Amino acid sequence: MSTPSSTPPGAQAPDKPLAAEGGGATGKHKYPVNLPKTAFPMKANLVQNEPASLKRWSGLAAGKGLYTSLVVERASAPAFVFHDGPPYANGNIHMGHLMNKCLKDFVVRSQMMAGKRCAFVPGWDCHGLPIEHKVMTDLIEGGKYDKIAALPDDQRKMAVRRECRKYAEKFVKLQGEQMQRLLTLGDYAHPYLTMDPAYEGAVLEVLADLVEQGLVYRALKPVHWSIANETALAEAELEYEDREDLSVYVDFEALDADAVYDAFGLAKKLEGDDEDEEEPLTGSLREPPLPAPAGRGEGGPRPAQRPSFMIWTTTPWTLPANVGIAVNPKHEYALVRVDGNVTVMAAGLVEKVTAAANAEDVRVLATTPGANLLGLRYKHPFVSNPPPCGLGRVCDPAHLWSVVAADYVTLEDGTGIVHTAPGHGAEDFATGLREHLPIYCPVQGDGTYDGTAPDWLRGVSVWDANKKVTDWLRNSGHLFYDHTFTHSYPHDWRSKTPTIFRCTEQWFVGVDGLPETARGRAGAAEGRNLREMALASVDAGANTTAGTAVPQQGVKFVPEWGRNRLRGMLESRPDWCISRQRAWGLPIPAFTTPEGAAFMTAASVRAVAKVVREKGSDAWFTLPPQELLKHYDAASDKDPLAKLLAEGSRHGVPAHHLKKGNDILDVWFESGTSWNAVLRERNLGYPADLYLEGSDQHRGWFQSSLLPALGATGQPPFRTLLTHGFMVDKHGKKMSKSIGNDIKVEDLLKDHGADVCRWWVASLAYENDVKVDMEFFSLAGESYRKVRNTLRFMLSNLDDYQHSAGLNFSGTSLEAWVLGVFDALSARVQAAYADYDYRTVHLALYEFCSQTLSATYLAAVKDRLYCDKPDSPRRRQTQHALWTMTDGLCRLLAPLLPHTADEAWRALHKAAPGDDRSVHLLTFAPPTGAQPDEGWSSAMDTIAAASKALEDAKAQTGIQNPLDAGVHLPDKAGVLARFEAIDLADLLGVSKVWIDTSAEAARVEDLRARGWEACGRSWKRDGTVKKRADGGMLSDRDAAAVGLA
RNA sequence: AGGCCUGUAGCUCAGUUGGCUAGAGCGCACCCCUGAUAAGGGUGAGGUCGGCAGUUCGACCCUGCCCAGGCCUACCA
């Protein structure tokens, strides 16, 4: 049974706009007061209202929308060039995107508010393996791949590319909507997509510039290789599975026994010689082998037989490609006699290795740091002819088959001496490049050895070679020990077969100046050293502090340690491999002549770029070479390579005899040239004032943008690099879907709305890692509501106010004080925006709302707003200040809280639903010009002290309601005399203030003891309260306000 | 394993070139107001400044080591 309403028929339902009842004691008169009234609701209801704001903004200026009208309106304003790093077009946006996009939007909106033209073109990285991999998986699982796989190469790739494009388009659309839901402002109608034809053409034009500078070359590089599919594989296409392999310990005979013994500091005489003669000769009759300190031999005799270096490998099949052995210069190495043989290995591993092989007689003869072994030569166990150096390289024959340094050599496994085959391993490759060793790979695409291998291995599969090589070594006496063991090994994700590391020809951007092959190129005379240029630009901006101008060519870092981080990475980075063997990407427009020579010149790349601009990169797969090169004129190409090609010439190759290359560009090259494809193509300005991304982009986009820009334009593409940290959970652990501690942006928007999320982002120390938890958004919501309610209270007291500028008021007025504080706040906030210091913006705005306004000024002026005659000068003056601050505050808040600031601003201006006005079309307000009296500072100190006294009095006397109190303020300095006592009383929240020039401290008095009555309207006891004509007890002010004498 | 970075109250953050009893807001507890009311105001309790050692008359701040965490490399012969 439900309870019927207890309201009697005819009774008035309680009205929401609170009437002037209650208040005074019962039985007394009820007097009307000026109650607050506003349409701006206390409850934000962001989840529903934000989409409405979005819709309104998109309809502004007859459908042009907010972004477009702003940019058009600011056409001649100074530009702030900001550039978006493209997220990958895959999946829903996550917490990282939330922070990144909000921070970027703070930049865009605050720059616009500062009067700049800040164009922002959002972009997406559309090509690349993650999409291709996903699409392939879907095709395979859907049973559709077999049909596609049977097509000719170009057609197969086109089929895959069509699917990839659809996939990318889908996620660009999805993510774009999600980003706009975060209320971010940008040219979402015209984003940049790395798969757009114009973008692709612009990328190729940068490539052409780099080719022209002689920075692009073709060389060998080891890649993961699937023998089953005869293709290179990316990391993402590998699956690691356990596999049983043969591991071998092999002795490599030293070429010069004496040199080895010298390195170990052994005396230059043979074992068996008379012991007595041993002493003074050590190190004195010969040159030390190395500048490093001599080895720590005991000065004992040197063995008669030739020593060897013992290496360990789990891939015996790579031994034919061995060109060096690596030691760690810092580790200690031992010369060991093992069952009659003398060999070298890491001192710390002697016991482990010999025990594994069950060696019986083990004696360490001497030890020496690895540094002393560098340069020692050895004899390859079964290869005698020096291998070819490798495409486009020059090798140092003195380094072949010698001991080299590598700090990746550890003492965890093996012997501490690492077999090095640059053609078969990434680290070996790096070492090979550094030491000018051959990059040699005798293994062909089908996994068999080619003609350069020893005859007993030619045509043999590498898997069979493991045993063959091991047997050979055993027979020749080089094998110390072998055993099978199980380890995790990469497998091809599609064929499930084991992969190998194999050298293939790839395209590189050189970072250390001109490689041999690039010499003689057109324009190469002024070729650049990218590493030096990059380091110089990173260093050039050092020692600039926030706000100061960045020197030409220099880069400013926020935070400053980013400089160090980028510098370290630039110092150690290898040449950039820009080619990939995939379908979903932008082809590298290189051709192959019938003789197998690569053909690509600056002019030929520009010619293909022209076609790509018209038809997109699909053209590479659908058009024949002569069509792709239709804009190319070999006769006018100054590049020497152009001689290879001459249509119709007897000496050259006609274009239609060329073969198209199969490589696509690394996607990092595509996004790394966005400064050209977006900023320059769209005339937005170059270089950018700011790039803003996560700190992982020091390795990624910052570098991939810096290098091509330096190569092509000679200057960095950005003046400032700002980085933010990563999202971690509330315990500081990384967030991931698999752990299940991730927070969905969707959920946040549904529970809290975008403005609250943005308010939270603004509060972060974004340069560090950021802890996230659902609870934090509730807290942010509370703080948001405080700001909202402060705005609401001001709005509700402006309902009857018509603003007009140019009001003069005294410097001692409350208005002069509060507007003075507001001006300081405004300056502080604008400076913080300019410094990307949103935390300070957030804090300053919050504290102003909470402390200056809510707790102080608004509390003080409440009485005059409610009880003064509505149009009294004092009340209008207060409203003037309220209006000025509400308007100004909305502008200051607008970059952080686009919806709420606009909602409040429109409420202030009483904008009707169809009204186009918006706070976002404005700029920050100029200073109010208020000139607060110099005495305010000490006046406020006195008030604070008196406030404390009042608290004490409340605790000790019967005063509970501050309006029952009067306060005698000390004023020895005579500062307060020029202030209105009533203003000071209102700041204290008491009924009456007396200024006492002789008092030391504030004194509180109970006004009831004076017999002062409380006013029935304002509840104040100001000493003027008396019975009025209508019988009510009113103060003079209130009597006048209601028209009673 | 290496490079860079972080670690101050339950939470988010301040702490200027080493020098006062280490601050603020939120949250929490208690109180006031009931004409901003699913609001507003006030008061208070919370910290061995990640740990250990060192330099110094004096260290949250400088140095070293360790612990925990993050990003990026390298994960291998």
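Bear in mind that the values here come from a model prediction, so they are computed numbers and not experimental data.
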- prompt: In B/S/- notation, 5' to 3', how is nucleotides 70-77 of chain B contacted by protein heavy atoms closer than 4.0 Å?
  reply: SBSSSSBB
query: Reckon A/Arg792 has a side-chain N or O less than 4.0 Å from the OP1 or OP2 of B/rU37?
result: yes
- prompt: Any side-chain N or O of A/Lys862 less than 4.0 Å from the OP1 or OP2 oxygen of B/rA36?
  reply: yes
statement: Each nucleotide of nucleotides 23-30 of chain B classed B (base within 4.0 Å of a protein heavy atom), S (only sugar-phosphate) or -, in 5' to 3' order, makes -SSSS---
- request: Nearest whole angstrom, please: distance from the C1' of B/rU6 to the CG of A/Leu764.
  value: 15 Å
message: Taking the nucleotide of RNA chain B with the nearest heavy atom to each, does A/Ala765 or A/Leu858 sit closer to the 5' end?
response: A/Ala765
- request: Take atom CZ of A/Arg573 and atom P of B/rC4, then tell me their distance rounded to the nearest Å.
  value: 19 Å
message: Distance check needed: B/rC31 P versus A/Asp952 CG, whole Å only.
response: 19 Å
field: Contacts of type ring pair (Phe, Tyr, Trp, His ring centres under 6.0 Å), residue A/Phe252, not counting sequence neighbours
entry: A/Tyr378
- line: In whole angstroms, the gap separating C1' of B/rG41 from CG of A/Leu963 amounts to 12 Å
task: Would you please name every residue forming a side-chain hydrogen bond (donor to acceptor under 3.5 Å, both in side chains) with A/Ser1035, sequence neighbours left out?
output: A/Asp1038
- request: Compute whether any side-chain donor of one residue and acceptor of the other, for A/Thr470 and A/Asp482, lie under 3.5 angstrom apart.
  value: no
- prompt: Reckon A/Arg1017 touches a base, only the sugar-phosphate, or nothing at all at heavy-atom distances under 4.0 Å?
  reply: base
- request: Could you pick out which residue, A/Ser763 or A/Asp863, lies toward the 5' side of RNA chain B when each is mapped onto its nearest nucleotide?
  value: A/Ser763
query: Where does B/rG46 fall, syn or anti, if syn means a chi angle no more than 90° from 0?
result: syn
statement: Residues A/Thr431 and A/Ala406: closest non-hydrogen pair is OG1-CB, 4.4 Å
statement: From the candidates B/rU12, B/rA36, B/rC32, the one with an atom nearest any side-chain atom of A/Lys771 is B/rU12
Residues forming a ring pair (Phe, Tyr, Trp, His ring centres under 6.0 Å) with A/Tyr838, sequence neighbours excluded: A/Phe106
query: With sequence neighbours left out, what residues match A/Asn797 under side-chain hydrogen bond (donor to acceptor under 3.5 Å, both in side chains)?
result: none
Contact list for residues 847-860 of chain A, test side-chain hydrogen bond (donor to acceptor under 3.5 Å, both in side chains), sequence neighbours left out: A/Glu815-A/Tyr857
query: Touch check for A/Lys43, heavy atoms < 4.0 angstrom, all strands: base, sugar-phosphate only, or nothing?
result: nothing
query: Got a minute to check which stems RNA chain B is part of, using Watson-Crick or G-U wobble pairs under 3.5 Å, three or more consecutive?
result: B:1-7 with B:67-73, B:10-13 with B:23-26, B:28-32 with B:40-44, B:50-54 with B:62-66
message: By the side-chain hydrogen bond (donor to acceptor under 3.5 Å, both in side chains) test, which pairs, at least two apart or in different chains, include something from residues 946-956 of chain A?
response: none
- prompt: Between B/rC13 atom C1' and A/Phe776 atom CZ, what is the distance in whole Å?
  reply: 13 Å
field: Counterpart residues, ring pair (Phe, Tyr, Trp, His ring centres under 6.0 Å), relative to A/His478 (two or more places apart)
entry: none
- request: For the residue pair A/Tyr846 and A/Ser763, confirm or rule out a side-chain donor-acceptor distance under 3.5 Å.
  value: no
message: Any base atoms under 4.0 Å from A/Ala859, or only sugar-phosphate, or nothing? Heavy atoms, all strands.
response: nothing
- prompt: CG of A/Asn797 versus C1' of B/rG40: gap in Å, rounded?
  reply: 13 Å
Distance-only donor-acceptor pairs under 3.5 Å for side chains of residues 565-574 of chain A, two or more places apart:
| residue | atom | partner | partner atom | Å |
| --- | --- | --- | --- | --- |
| A/Arg565 | NE | A/His698 | ND1 | 3.1 |
| A/Arg565 | NH2 | A/Ser695 | O | 3.3 |
| A/Arg567 | NE | A/Asp539 | OD1 | 2.8 |
| A/Arg567 | NE | A/Asp539 | OD2 | 3.4 |
| A/Arg567 | NH1 | A/Glu571 | OE2 | 2.1 |
| A/Arg567 | NH2 | A/Asp539 | OD2 | 2.5 |
| A/Ser572 | OG | A/Gly568 | O | 3.2 |
| A/Arg573 | NH1 | A/Gln703 | OE1 | 2.8 |

- request: Tell me, please, which residues at least two apart from A/Phe848 pass ring pair (Phe, Tyr, Trp, His ring centres under 6.0 Å).
  value: A/Phe822
Integer-rounded Å distance: B/rG7 C1' and A/Glu767 CD: 14 Å
field: Atom pair distance, as rounded to whole Å: CG in A/Asn961 and P in B/rG42
entry: 15 Å
